[in-house]
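Structure first, commentary second.
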Amino acid sequence: MTSNGEATEIFRTIADLLDLLGEKFKPEAYRRAARSLESLTEDLGAVAARHELRSIPGVGEAIEEKIEEYLRTGSVSYYERLKREIPAGLVDLMRLPGLGPKTARRFWVELGVEGPSELRDAIAAGRLVGMKGFGEKKIEQIRSALDSAAAGPGTSSRRPIEEVYPIAHALVAALRGSTGADRVEVAGSFRRARETVGDLDILVTSKDPAKAFEVFTAHPLVGEVKMRGETKETVVLRDGLQVDLRVVRPEEFGAALQYFTGSKDHNVRIRSLARERGLKVNEYGVFRGEERVAGATEEEVYGCLGLAWIPPELREGRGEVEAAAHGALAPLVAEADLRGDLHVHLSPEARTDELEQAIAEARARRYRYLGVVVAGVLGDGRAWRLPEATRSKLRELAPSGIQMLRGLETGPGPVPSELASVPFDFRIRRPTTDRAVPPSAPDGSPPPVLIAHVGSSVASDAAALTHWVEFARRDRAAIEVGPGAERLDSTAGRQALDAGVRIHLPTGLSAGPEDPARVVALGLARRAGARPDAVANARSESGVSGASSGSGPGPPKRSSRDPPRSRSGTKPPP
DNA sequence: GCCGTTTTCGGCCCGACTGTTTTCAGTCG
């Protein structure tokens with residue numbers, strides 16, 4: 001684990017332990033610091049070396065000292081002391097659904113229970129019966145939570161957003177297609193395009209809430225109904241994902257969407273800003289005293305706090321509220337900005353019809369260029385190339401103004417001799433293994449325009465990531481950001497952007513229109529704070545010069561002919 | 001424990017829901 005990751009875990013556990021001690025505000029302070037460390041784009045040691053730990057949101061004097069102690073010694077004495085005081089099993093108990101720190105602490109104090117297995121024994125021995133606040137139902141609930149926990153991590157863990165995307169799409173489509181719901185939006189971390197999603201929050205307006213719940217509950221994906229109130233229903237899907245449906249009134253929809261989109265840190269900032277202005281914000285609206293002054297749209301809610309509307313992908317409490325207050329939010333890249341794709345992979349034996357299909361899709365999206373990977377080296381070092389017929393078809397198939405380019409994808413180092421005869425317009429580089437570190441100086445072969453297949457194992461290794469970003473900066477190459485283990489996530493993407501490196505987004509051309517990769521990649525790019533001009537394939541020019549086979553392409557150039565940027569899209573997935 | 005363009009002290013989001021209650025505590029998001 002990286003030092004950032006390990007420090008995050010330490011502070012998160014400190015928060016839980018302090019919760020068990022009944023501390024009121026400290027746990028939240030440690031959690032806030034943990035969240036900040038988790039999303040830090042840089043190695044903690046580097047920040048500490050510059051004496052800038054205090055600039056991290058939620059890190060003050062005390063936590064700064066603990067981080068320094070951790071970096072120096074590998075442990076935090078305060079944490080070690082808490083662990084000696086409080087049995088580790090209590091943390092497991094309070095993390096069970098339906099149990100919290102108060103209940104776990106009572107089991108410890110009143111029953112001497114120190115962990116899940118002892119609690120199971122206590123229940124079996126009937127020792128919970130008669131405890132104040134514990135009826136038959138509550139005890140059964142706990143027993144069931146213990147059983148599910150024993151069965152494995154299962155349902156409570158977060159999953160990749162690209163995996164959840166089709167599910168969200170299906171549920172939203174069903175609700176939109178019914179008479180039970182008018183407006184339907186997914187809120188939560190899904191709308192913020194977080195890499196992983198723990199559950200789905202769906203918000204609807206409805207003239208007939210009962211009908212909305214009925215349509216939702218009857219959906220084939222839904223397994224069991226966990227809870228149902230007048231305005232809210234919680235279900236667990238057959239695959240274990242939890243989904244909340246909330247029905248709100250139209251005049252409250254914007255406030256509810258804002259509220260349930262979060263993040264928590266963002267909302268805390270919004271609320272304290274409102275308080276400073278004598279206003280109150282909740283999920284029903286913005287209020288001055290009893291009077292509602294906003295609520296129907298998010299724009300209204302932000303507007304009456306003196307803020308520009310903030311894209312959901314930025315709502316993490318990392319300074320976006322202050323930026324919005326000063327009108328300093330830059331427009332983010334949007335779907336309409338995409339102009340092409342420099343990384344179209346066809347299957348190795350692709351026939352011309354597969355190529356034609358990708359071009360038809362590109363034409364439908366009005367792309368201006370397409371870089372098709374015609375040959376390359378796989379991660380395991382084996383060379384491959386598209387069939388000769390497909391390669392020679394490339395230029396013929398571009399009658400409608402789409403510039404067709406041939407890409408060669410290789411590892412660091414010179415072009416392998418077995419690929420030397422393949423004509424190409426531009427080069428893509430990939431690490432030969434996930435951990436491969438690129439050469440520190442140019443090796444004489446054409447510089448790549450794109451660095452791709454830089455995977456999650458690089459992103460989680462601060463030194464390797466810094467190295468690849470520096471490599472991209474030196475060669476003025478773009479680096480690919482998107483879902484999946486072979487692309488950078490938004491945190492790594494932000495680091496690349498901070499270093500002045502452009503990113504390239506997958507467009508899912510050859511995977512068909514339903515492929516979530518494009519929408520998800522766009523969300524991650526926006527989350528990284530990417531403006532249109534920082535996205536290599538959101539430019540009118542391909543960034544690949546001329547067609548001189550085998551010669552090096554020029555570095556991506558800034559174009560003064562780029563049309564004015566479209567207004568940054570506000571449309572959340574799906 | 002953190003934080004401040006009214007504060008260096010005194011705040012810290014707040015409402016729904018559940019299960020257990022004669023009016024509320026705990027959990028969750």
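Here is the naming used below: chain letters follow the sequence lines, and residue numbers restart at 1 for every chain. Since the model is a prediction, treat every value here as computed from it, not as a measurement. Side chains included, hydrogens not; waters and symmetry mates left out as well; all remaining heavy atoms used.
- With rounding to whole Å, A/F25 atom CZ is found 11 Å from B/dG1 atom C1'.
- Going from atom CD of A/E224 over to atom CZ of A/R238 covers 11.0 Å, rounded to the nearest 0.5 Å.
- Searching all strands for a Watson-Crick or G-U wobble partner of B/dT8 with both distances below 3.5 Å returns nothing.
- A/K232 comes within 4.0 angstrom of the backbone, heavy atoms only, and of no base.
- Within the nucleic acid shown, A/L18 has no heavy atom closer than 4.0 Å to any nucleic acid atom.
- Contact annotation: A/N282 side-chain N/O to B/dC13 OP1/OP2 distance is not under 4.0 Å.
- Between B/dT5 and B/dT21, the two C1' atoms lie 48 Å apart (nearest whole Å).
- The phosphate of B/dG4 (OP1 or OP2) has no side-chain N or O of A/S272 nearer than 4.0 angstrom.
- Taking 4.0 angstrom as the limit, A/K138 places none of its side-chain polar atoms (N or O) nearer than this to OP1 or OP2 of B/dG19.
- Using a 4.0 Å cut-off, some side-chain N or O of A/T231 falls inside it from OP1 or OP2 of B/dC17.
- Heavy-atom neighbours of A/R531 CZ from other residues, nucleotides or ligands within 6.0 Å: at or below the threshold of 12.
- Close placement of the A/F107 and A/F134 rings is indicated, their centers lying within 6.0 Å of each other.
- Donor-acceptor pairing under 3.5 Å, judged by distance alone, is absent between the side chain of A/Y284 and the base of B/dG15.
- No contact: A/E23 has no heavy atom under 4.0 Å from any strand.
- Within the nucleic acid shown, A/K280 comes within 4.0 Å of sugar-phosphate atoms alone, with no base atom in reach, counting heavy atoms only.
- Toward the 5' end of DNA chain B, the nearer of the two residues A/L96 and A/G58, judged by each one's closest nucleotide, is A/G58.
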